[in-house]
Amino acid sequence: SQKIEQNSEALNIQEGKTATLTCNYTNYSPAYLQWYRQDPGRGPVFLLLIRENEKEKRKERLKVTFDTTLKQSLFHITASQPADSATYLCALGGTGGSYIPTFGRGTSLIVHP
Amino acid sequence: DTGVSQDPRHKITKRGQNVTFRCDPISEHNRLYWYRQTLGQGPEFLTYFQNEAQLEKSRLLSDRFSAERPKGSFSTLEIQRTEQGDSAMYLCASFAAGATEAFFGQGTRLTVV
């Protein structure tokens with residue numbers, strides 16, 4: 001069966017450190033993978049997209065890697081700040097030409113001052 | 001505000017009642033999606049429209065759920081004979097033509113008592 005796995009346990013880190021979140025998937029062949037941020041009681045907000053033929057993407061303090069052999073994406077936030085505390089969702093898209101992004105359950109990040 | 005707008009933000013209803021939610025997407029976006037999200041889970045796809053055509057519905061969507069997008073602009077999602085298991089956040093997202101980035105609304109929090 002198809003699965004998107006994100007760590008259900010919250011990730012606690014100290015301010016200034018690099019946070020690394022993982023998204024693993026099985027039985028998908030996504031054309032792209034996205035990361036979204038979600039704050040409590042609000043809708044997700046798009047952060048980054050990486051396509052299947054790309055290994056790495058950066059945007060300011062964010063970095064995403066995509067390994068289609070391992071079926072894994074890593075999402076890094078460098079120099080983390082308490083304001084980065086939120087839930088981060090990965091979403092797979094373009095599987096079989098589908099226009100329906102499929103989301104993981106998200107991982108909660110808590111950055112301590 | 002030119003973002004995706006959802007109304008109401010919160011709805012409390014008694015079991016067995018019908019409810020209707022509205023989503024106003026970003027004006028030039030032709031694709032509109034409905035997702036449902038429960039606590040600790042990622043958004044779960046319900047249905048999507050391209051312009052006024054409903055192109056796909058999740059098999060998880062029971063026949064108590066119906067969605068419309070009559071003129072290819074706003075959309076409504078109706079739940080008939082609500083059950084306690086329908087309690088969730090209902091999210092609407094819109095996409096520009098050919099784009100992969102989802103713009104989400106703030107969601108409608110439904111509580112069935």
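Chain identifiers are assigned alphabetically (A, B, ...) following the order of the sequence lines, protein sequences preceding nucleic acid strands; residue numbering begins at 1 within each chain. For the numbers below, each heavy atom of this structure counts, side chains included, while hydrogens, waters and symmetry mates do not.
When all heavy atoms are compared, the tightest approach of B:Val112 to B:Gln84 is O-CG, 3.7 Å. The two atoms that bring A:Ala19 and A:Ile13 nearest to each other are CB-CD1, 3.4 Å, heavy atoms only.
Within the 4.5 angstrom heavy-atom criterion, no atom of B:Glu44 approaches chain A. With a 4.5 angstrom heavy-atom cutoff, A:Gln6 does not touch chain B via any of its atoms. At a 4.5 Å heavy-atom cutoff, B:Gln50 makes no contact with chain A through either its backbone or its side chain. Within the 4.5 angstrom heavy-atom criterion, only side-chain atoms of A:Leu49, from C-beta onward, approach chain B. Neither the backbone nor the side chain of B:Phe103 comes within less than 4.5 Å of any heavy atom of chain A.
Each of A:Glu5, A:Lys71, A:Gln72 was compared with A:Asn24 under the side-chain hydrogen bond (donor to acceptor under 3.5 Å, both in side chains) criterion, and only A:Gln72 meets it. Among B:Arg64, B:Arg15, B:Gln17, the one residue that satisfies the side chain to side chain contact (heavy atoms under 4.5 Å, CB included) test with B:Arg81 is B:Arg64.
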Checklist line | From CA spacing to verdict: ring-ring contact (aromatic ring centres under 6.0 Å, His included), B:Phe95, A:Tyr99 | finding: CA-CA 10 Å; B:Phe95 292 69; A:Tyr99 285 97; 8.8 Å; no
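Contact count versus chain A (heavy atoms, under 4.5 Å) is highest, among B:Met89, B:Arg31, B:Arg109, B:Arg9, for B:Arg31.
Applying a 4.5 Å heavy-atom cutoff, the residues of residues 40-48 of chain A that approach chain B are A:Gly41, A:Arg42, A:Gly43, A:Pro44, A:Phe46.
Residues A:Val64 and A:Ser73 form a side-chain contact, since some pair of their non-hydrogen atoms from C-beta on lies under 4.5 Å apart.
Ring-plane geometry between B:Tyr35 and A:Phe103 is classed as perpendicular, the angle between the planes exceeding 60 degrees on a 0 to 90 degree scale with a lower cut at 30.
In this structure a side-chain-to-backbone donor-acceptor pair under 3.5 Å is missing from B:Ser73 to B:Asp24. Formation of a donor-acceptor pair under 3.5 Å by the B:Gln6 side chain with backbone atoms of B:Cys92 is found in this model.
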